[in-house]
Every structure is written in C-alpha cells, then in structure tokens.
Amino acid sequence: VRIDISPLAENGNSVPLTIMVDSPMTAGDHVKAIYVFSPENPLPDVARFHLTPRAGRAQVKTSIRLATSQKIEVVAVM
C-alpha cells in the first residue's frame, strides 16, 4: 500500500490523498476494499472504497478532513 499525502497541509478541512495498492486486479487476485482511518478525528472512519476487477487498478484519490496533525492508517482487503 502506497499513500501519497502532503506532510503539511495549509488547511485541515481539505487534505488531498492518493492511495495505490500493487495488485493485478484479476478475478482471482484483486483489491476488494480500501479503508482509511484517522485515529485522532472525532469520527476515525474517514473513507471506504469498494473495488472490483473492472476498476483496472487499485488506486483512489480523494480529499479528507483531519482534525489535527496525525498519522493516518490505510487497510487494503484482498
């Protein structure tokens, strides 16, 4: 799992985030879901993405809100 997020954001209300998972994305071997958690946010479950082999690649881009400087956690379900 590779995470691309700015180490320092001007505004915590909108922090760009890109997540990439190396996967062939075939019917037998693909990423089924990607979960993003931010333990220090009031609601730590930040985002959930559900993927199928039709996605072609396991990559998602979004903007998230962070309450404070912190580490985020990303889980990929294969």
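Given the structure is predicted, the values throughout are model-derived calculations rather than measurements. When reading the values below, keep in mind they use all heavy atoms of this one structure, side chains included, and skip hydrogens, waters and symmetry mates.
Val1 and Met78 end up in the same hydrophobic cluster when Ile, Leu, Val, Met, Phe, Trp and Tyr side chains are linked at under 4.5 Å. Hydrophobic cluster membership is shared by Ile64 and Ile3, with clusters built from Ile, Leu, Val, Met, Phe, Trp and Tyr side chains linked at under 4.5 angstrom.
Taking a cutoff of 4.0 Å between a charged side-chain nitrogen and a carboxylate oxygen, Asp4 and Lys61 do not qualify as a salt bridge.
Taking each heavy atom of Leu51 and His30 in turn, the nearest pair found is O-CD2, 4.3 Å. Contact record, Pro53 with Ala27: CG-CA, 3.9 Å, taken as the closest heavy-atom pair. Taking all atoms of both residues into account, the shortest heavy-atom contact from Val31 to Ile34 is CG1-CG1, 3.9 Å. Heavy atoms only, all atoms of each residue included: Val46 and Phe37 are closest at CG2-C, 4.2 Å. Here the shortest heavy-atom pairing between Arg57 and Met25 reads CA-CG, 3.8 Å. Contact detail for Asp29 and Ser23: the closest heavy-atom pair is O-OG, 3.6 Å.
Residues Asp22 and Arg2 meet the side-chain proximity criterion, which asks for heavy atoms closer than 4.5 Å. Counting only heavy atoms from C-beta outward, the side chains of Tyr35 and Val77 approach each other to under 4.5 Å.
Once rounded to the nearest 0.5 Å, the distance linking CD1 of Ile72 with CD of Glu40 reads 12.5 Å. How far CD1 of Ile5 is from CG of Leu17: 5.0 Å, rounded to the nearest 0.5 Å. Gln59 contributes atom CD, which lies 10.0 Å from atom CD1 of Ile19 (distance to the nearest 0.5 angstrom).
Identified under the side-chain hydrogen bond (donor to acceptor under 3.5 Å, both in side chains) test for residues 63-75, with sequence neighbours left out: Asn13-Arg65, Ser38-Gln70, Asn41-Gln70.
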